[in-house]
There are 2 protein chains.
Amino acid sequence: MTGITVLLVDDHLVVRSGLTALLGTQPDFDVVAEAASGEEAMDLVEHLSPAVVVMDLAMGAGMDGIEAIKQLRQRNRRQAILVFSTYDSDADIVRAVDAGAMGYLLKDAAPDEIFAAIRGAVQGKSVMSAPVASRLFQQLRNPAEVLTPREAELLSLLTEGLSNRQLGQRLFISEATVKTHLAHIYAKLGVETRTAAIATAIRREGMR
Amino acid sequence: MTGITVLLVDDHLVVRSGLTALLGTQPDFDVVAEAASGEEAMDLVEHLSPAVVVMDLAMGAGMDGIEAIKQLRQRNRRQAILVFSTYDSDADIVRAVDAGAMGYLLKDAAPDEIFAAIRGAVQGKSVMSAPVASRLFQQLRNPAEVLTPREAELLSLLTEGLSNRQLGQRLFISEATVKTHLAHIYAKLGVETRTAAIATAIRREGMR
DNA sequence: TGGTCTCTCAGCCTTTTGGCTGATGCTGCT
DNA sequence: AGCAGCATCAGCCAAAAGGCTGAGAGACCA
């Protein structure tokens with residue numbers, strides 16, 4: 001029998017070849033293709049139907065990882081999606097899980113951890129790196145302070161320096177709605193102004 | 001004869017093995033060791049005296065890349081140091097060059113670019129990715145946009161999320177003066193609002 | 001000595017932001 | 001059916017931020 005078919009998605013060539021080399025040491029893994037962008041990933045999943053997609057969240061230009069996960073889910077594909085990212089910000093984790101990711105690994109994870117996560121993913125198990133799990137755990141203990149996906153999205157745009165009007169235009173909602181979301185975000189972050197929210201987001205949530 | 005001896009320094013295992021695999025395709029490269037931290041790199045350079053050190057700037061805990069470069073330089077070693085980083089922030093570039101890096105590559109660079117940079121480095125040539133070179137060039141062309149010490153101080157406090165009043169109290173100046181400084185900062189950074197200034201400061205100047 | 005830069009401050013006016021209250025439609029859970 | 005959470009919107013008011021002009025004091029340099 002052939003092993004677990006894997007598609008790698010990462011815009012950095014060195015990461016792709018590193019991962020390929022790493023997975024190549026295991027007899028039950030079969031890296032069938034590599035994609036450098038979300039768009040490429042769509043095509044390859046369509047044609048190869050890999051059992052697992054290992055995907056970076058940060059993708060230079062075009063479609064980002066979250067968007068790619070969403071689209072793969074919408075196409076009703078059966079493959080498990082594993083996020084393989086450098087950062088463990090709350091927002092990224094929430095959005096990735098929300099989009100339909102099966103697991104969340106950090107790039108400094110040990111090889112065994114990566115192998116286990118992939119094997120678990122095909123069996124429907126959720127595996128994540130310890131820091132990621134810890135963050136999720138914290139969020140469960142403090143549900144009042146967890147940003148909703150929409151709020152996280154807004155906060156992310158906020159850190160780009162947009163005004164309420166620009167935020168509204170970017171998200172196709174009214175300025176009033178933007179203000180409502182912001183008020184909720186401030187309350188959850190425990191701040192009073194947008195600048196403090198940005199400072200908190202960048203330092204605490206790891207956004208940039 | 002043996003080829004160009006290379007030491008890889010990166011806290012991510014996949015990046016190290018990817019780079020090793022990549023450099024292994026070239027007959028004239030010889031990756032003699034890999035280090036996962038700045039401290040490890042010190043030791044290995046001491047014992048192996050590689051011709052080139054390829055180093056990531058962001059290193060999880062302990063010594064960061066910049067610090068490692070500085071210390072290697074201070075020990076009067078002959079090896080060329082190449083930065084291999086994900087980001088191209090002005091601050092990172094300036095600090096790396098200042099610390100004594102021979103070149104600056106981005107992680108999405110093409111293999112040929114990486115090979116050429118390493119071969120160039122041993123011959124004393126400076127090689128950097130196009131976006132990096134472009135940023136350095138821009139800085140040379142526009143020395144007028146440098147913040148004054150006071151402005152930089154204000155900008156730094158701004159990224160902590162303070163209001164104009166708080167800034168004034170912290171710096172023992174009136175709110176009017178704060179607004180004047182801010183106006184100058186906005187002009188120099190090419191932004192219109194404080195939130196955009198914070199975003200720019202964090203991404204371009206590397207403040208955090 | 002005169003010019004330039006930096007830091008300091010003021011007043012006036014417009015735009016933006018934030019606080020508050022209340023309301024609607026949708027979804028998911030019970 | 002009912003309730004809770006989420007996302008959407010409106011209006012009103014106060015506070016904060018930003019644009020503009022002008023100006024004085026001290027430092028540095030030609």
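A quick note: this is a predicted structure, and the numbers were derived from the prediction, not measured.
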Peer 1: A:H181 NE2 to C:dT17 P: how many Å, rounded?
Peer 2: 16 Å

Peer 1: If every non-hydrogen atom of B:A199 is compared with every non-hydrogen atom of A:E160, which pair is closest and at what distance?
Peer 2: CB-C, 3.7 Å

Peer 1: Applying a 4.0 Å non-hydrogen cut-off, can you work out what A:E175 is touching in the nucleic acid: base, sugar-phosphate, or nothing?
Peer 2: nothing

Peer 1: Would you say B:N164 reaches D:dA16's phosphate, i.e. side-chain N/O to OP1/OP2 under 4.0 Å?
Peer 2: no

Peer 1: Please assess A:T177 against A:S174 for the test side chain to side chain donor-acceptor pair (under 3.5 Å), listing each intermediate value before the final yes or no.
Peer 2: CA-CA 5 Å; A:T177 306; A:S174 79; 3.2 Å; yes

Peer 1: Given that B:V178 and A:A183 both sit by DNA chain C, which one's nearest nucleotide is further toward the 5' end?
Peer 2: B:V178

Peer 1: Where the side chain of B:R194 is concerned, which of D:dA17, D:dA7, C:dC9 is the nearest nucleotide?
Peer 2: D:dA17

Peer 1: I want to confirm an ordering. Mapping B:T195 and B:L154 to their closest nucleotides on DNA chain C, which one lands closer to the 5' end?
Peer 2: B:L154

Peer 1: Rounded to whole angstrom units, what separation is found between the NE2 atom of A:H184 and the P atom of D:dA7?
Peer 2: 10 Å

Peer 1: Please tell me which of the listed nucleotides, C:dT8, C:dA10, C:dT16, lies nearest to the side chain of A:R165?
Peer 2: C:dT16

Peer 1: Have B:E34 and B:T20 got a donor and an acceptor in their side chains that come within less than 3.5 Å?
Peer 2: yes

Peer 1: Please report the distance, rounded to the nearest Å, between CG in A:L182 and P in D:dA16.
Peer 2: 17 Å

Peer 1: Give the rounded distance in Å between these two atoms: CG of B:L162 and P of D:dA16.
Peer 2: 14 Å

Peer 1: Between C:dT17, D:dT8, C:dC9, which nucleotide has the shortest distance from any of its atoms to the side chain of B:S174?
Peer 2: C:dC9

Peer 1: Between D:dG18 atom C1' and B:L189 atom CG, what is the distance in whole Å?
Peer 2: 15 Å

Peer 1: In a check of side-chain hydrogen bond (donor to acceptor under 3.5 Å, both in side chains) between A:D56 and each of A:H12, A:K107, A:R16, which one passes?
Peer 2: A:K107

Peer 1: Nearest whole Å is fine: how far is C:dG18 P from A:E192 CD?
Peer 2: 11 Å

Peer 1: Do you know which two heavy atoms are closest between B:L82 and B:V127, and how far apart they sit?
Peer 2: CD2-O, 4.5 Å

Peer 1: Measure from the side chain of A:E151, starting at C-beta and using heavy atoms only, and say which of D:dA7, C:dC7, D:dA16 lies closest.
Peer 2: D:dA7

Peer 1: To the nearest Å, give me how far apart CD1 (B:I198) and P (D:dA17) are.
Peer 2: 10 Å

Peer 1: For the NE2 atom of B:H181 and the CG atom of B:L158, what is their distance to the nearest 0.5 Å?
Peer 2: 12.5 Å

Peer 1: Could you check which of C:dG19, C:dC9, D:dC9 has an atom nearest any side-chain atom of A:K179?
Peer 2: C:dG19

Peer 1: Is it the case that D:dC9 (base atoms only) and A:T180 (side chain only) share a donor and an acceptor within less than 3.5 Å, ignoring hydrogens and angles?
Peer 2: yes

Peer 1: Choosing from C:dA10, C:dT8, C:dG18, which nucleotide comes nearest the side chain of A:Y186?
Peer 2: C:dG18

Peer 1: Nearest of C:dG18, C:dT17, D:dG18 to any side-chain atom of B:T193?
Peer 2: D:dG18

Peer 1: Between D:dT8, C:dC7, D:dA17, which nucleotide gets closest to the side-chain atoms of B:S163?
Peer 2: D:dA17

Peer 1: What is the distance, to the nearest angstrom, from the CD1 atom on A:I185 to the P atom on D:dC6?
Peer 2: 13 Å

Peer 1: Contact class for A:T177 vs. all strands (heavy atom < 4.0 Å): base, sugar-phosphate, or nothing?
Peer 2: base

